[in-house]
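Just follow the structure's listing: the first ligand is 1, and inside any ligand the first atom is 1. It should be emphasised that the depicted structure is a prediction, and the values quoted were computed from it without experimental measurement. The basis for the numbers below is simple: all heavy atoms, side chains too, and nothing from hydrogens, waters or symmetry mates. Sequence positions, counted from 1, serve as the residue numbers for this chain.
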Amino acid sequence: MSIRFYNTLSRSIEEFIPLKKGEASLYTCGPTVYNYPHIGNLRTFIFEDLLHRWLSCRGYKVKRVMNLTDVDDKTIKNSIQQKMALADYTQIYKKAFFEDIEGLFFLKADFYPAATDYIKEMIEIIQGLIKKGFAYESNDGVYFKVSAFADYGKLAHIDQETLLAGASGRLSTDEYSKEQVSDFALWKKWTAEDGAVKWDSPFGEGRPGWHIECSAMSMKLLGETLDIHCGGVDNIFPHHENEIAQSEAYTGKPFVHYWLHAVHLVVDGEKMAKSKGNFHTLRDLTTQGYTPRAVRYALITTHYRKPLNFSFDLLKQADSSLKRIDDFVFALKNVKNEGSKNEEFSGFLVKSQSKFESSLDEDLNISEAMAALFELISHYYENQKNYSRQNAVEILSFLEKADTALGFIHKEVKEELSDEEKALMEERNLAKKNKDFKKSDEIRDILLKKGIELRDTKEGLVWKRL
Ligand code: AMP
Ligand code: ZN
């Protein structure tokens, strides 16, 4: 078994060989907490959750950091507009972010560092870069000197001509395009536009640039070289290119071995973005009656390097796919045939499991993994009457395992009746046996009010949580 990933650095699929055997250090650029995350952001975060889960499923001890960008151009601008202190303003969206990822069944990262808690570390790196000749102070801040770092452009594949054209310029904004390559801000000296946001530093009062934040937090928590670093494709330039330049110039060591980037969630061909106004938040969608589980399903089941077009049909399809899975689980739990195991069916399951796993090993190919799951479902319905309870139990156990990677089947697989519900069920069985239909109907209605539907089938009484 080996896992392979598409590495943006080499633009090719590579076998994952971690720095330390059996371990994986993972840094995922987190949300800028200036607003609620939109489901485009969540697509990238869900891909990172799948990556985290799959590494864990394959036995790696994952050490994961997901940062919170709580100081940058956008957070400052919005907090001032709202006449709020930066920390109070960002706190609202930190909380919202955690609510969203919990609702979407994310695995927890080991650390969620906030940039404002790592200003000291950022200053240390900036001082080191000045000392080594990679950075210089100007009247409005400290800048990274792009022309001093020979490898600049290796992640975004920027040609040297573009680089030279911009090498003499300076840009103080956090975000800019490839065509604007120029020296970028590590430290921004205080201006009136920053209001009360400022920290003391050897370069005067001010605040860090966005890119230095992730270099400081990742190296502090995961070491100077890390295995994997992720984000959305828009992070490749300038954010991750600049992180490489700052970190490698400072340490003289490779910063990251594997760079993985999720392609955008789009709406009518355009990137979903707050600035374009074409976005939905998880909150909007749940208010409209869609479940977080359906949102998770819709966002996770397209391969992360393929564009995904958002539509309400996508959510409706997610709902019906989940219903097919739930019905399958329901049917498996109610297989009553106590006969011996059908070996041919067990063999089919082994093949499905192996396809599921090898697909995820291959750059997290979830589309193929889901195909294996749905083939198994079809096989079951084609041969339903010959499936024994033992076959069903084997499949349920596979589903439970598969769900440690997928995170959207769990409720239905693990669900059991409470003691009270079991007692009611037994009471109803007894009433039916005694032909006390009034009582049996009464108990059925009580259970229905508790969200449990009963169905009398050829195989006996079955139940389903609604
Ligand atoms: P931000 O909160 O703007 O820092 O973005 C958080 C993450 O969401 C980053 O990794 C971005 O690359 C990613 N992202 C932003 N827009 C989209 C989108 N439309 N589709 C997928 N990922 C996105
Ligand atoms: Zn980052």
Inset, instruction - Looking only at distances, please establish whether an N/O atom of ligand 1 is found under 3.5 Å from an N/O atom of G231. - result: no
Legend entry - Residue and atom name of the nearest protein heavy atom (relative to atom 16 (N) of ligand 1), distance in Å to one decimal: K271 CE, 3.4 Å
Inset, instruction - Count the heavy atoms of every other residue, nucleotide or ligand shown that sit under 6.0 Å from CD of E23, and state whether that count exceeds 12. - result: yes
Inset, instruction - Considering only non-hydrogen protein atoms, determine which one is nearest to atom 21 (C) of ligand 1 and report residue, atom name and distance to 0.1 Å. - result: G40 O, 2.9 Å
Legend entry - Residues R4, D361: salt bridge by 4.0 Å N-O rule: no
Legend entry - Aromatic contact, Y93 with Y34 (centres under 6.0 Å): no
Legend entry - Pair H229 + Y258: ring centers closer than 6.0 Å: no
Legend entry - Pairing of R293 and D326 as salt bridge, 4.0 angstrom limit: yes
Inset, instruction - Would you check whether V263 has a nitrogen or oxygen atom less than 3.5 angstrom from a nitrogen or oxygen atom of ligand 1? - result: no
Legend entry - Atom indices of ligand 1, in the order listed, that fall short of 4.0 Å to a heavy atom of N235: 9 (C), 10 (O), 11 (C), 12 (O)
Inset, instruction - With atom 7 (C) of ligand 1 as the reference point, say which of Y34, F45, Y304 has the nearest heavy atom. - result: F45
Inset, instruction - Below 4.0 angstrom from a heavy atom of M272, which ligand 1 atoms are there? Numbered from 1 as shown, please. - result: 16 (N), 18 (C), 19 (N)
Legend entry - Atoms of ligand 1 close to P31 [distance to a heavy atom under 4.0 angstrom, numbered from 1]: 2 (O)
Inset, instruction - Could you establish whether D234 and ligand 1 come within less than 4.0 Å of each other, counting only heavy atoms on the residue side? - result: yes
Inset, instruction - Measure the distances from the heavy atoms of H38 to every atom of ligand 1 and state whether one is below 4.0 angstrom. - result: yes
Inset, instruction - Run the numbers for me: atoms of ligand 1, each under 4.0 Å from some heavy atom of T44, listed by number. - result: 10 (O), 13 (C), 21 (C), 22 (N), 23 (C)
Inset, instruction - Find out whether the Lys NZ or Arg CZ of R296 is both under 6.0 angstrom from the six-membered ring centre of F105 and within 45° of the ring's axis. - result: no
Inset, instruction - Describe, in one word, how the ring planes of H211 and Y176 are oriented to each other, choosing from parallel (under 30°), tilted (30 to 60°) and perpendicular (over 60°). - result: perpendicular
Inset, instruction - Before signing off on this row, confirm whether W210 and ligand 1 have an N or O atom pair separated by under 3.5 Å. - result: no
Inset, instruction - Would you check if I236 and T8 make a side-chain contact, meaning some heavy-atom pair closer than 4.5 Å? - result: yes
Legend entry - G232 N/O to ligand 1 N/O under 3.5 Å: yes
Inset, instruction - Determine whether any heavy atom of A273 lies closer than 4.0 Å to an atom of ligand 1. - result: no
Inset, instruction - Tell me which protein heavy atom sits closest to atom 20 (N) of ligand 1, plus the residue, atom name and distance to 0.1 Å. - result: L265 N, 2.8 Å
Legend entry - Lys/Arg N to Asp/Glu carboxylate O, E102 vs K108, below 4.0 Å: no
Legend entry - Protein contact to atom 8 (O) of ligand 1 [nearest heavy atom, distance to 0.1 Å]: N41 ND2, 3.0 Å
Inset, instruction - Starting from atom 4 (O) of ligand 1, locate the nearest protein heavy atom and write down its residue, its atom name and how far away it is, to 0.1 Å. - result: T32 OG1, 2.7 Å
Inset, instruction - Using distance alone, with no hydrogens and no angle criterion, decide if E243 and H239 have a side-chain donor and acceptor under 3.5 Å apart. - result: yes
Legend entry - N, O or S atom of H239 closer to the Zn ion (ligand 2) than 2.8 Å: yes
Legend entry - Cationic tip of R170 above Y143 ring, under 6.0 Å, 45° of axis: yes
Inset, instruction - State whether C29 contributes an N/O/S atom found under 2.8 Å from the Zn ion (ligand 2). - result: yes
Legend entry - Residues D100, R283: salt bridge by 4.0 Å N-O rule: yes
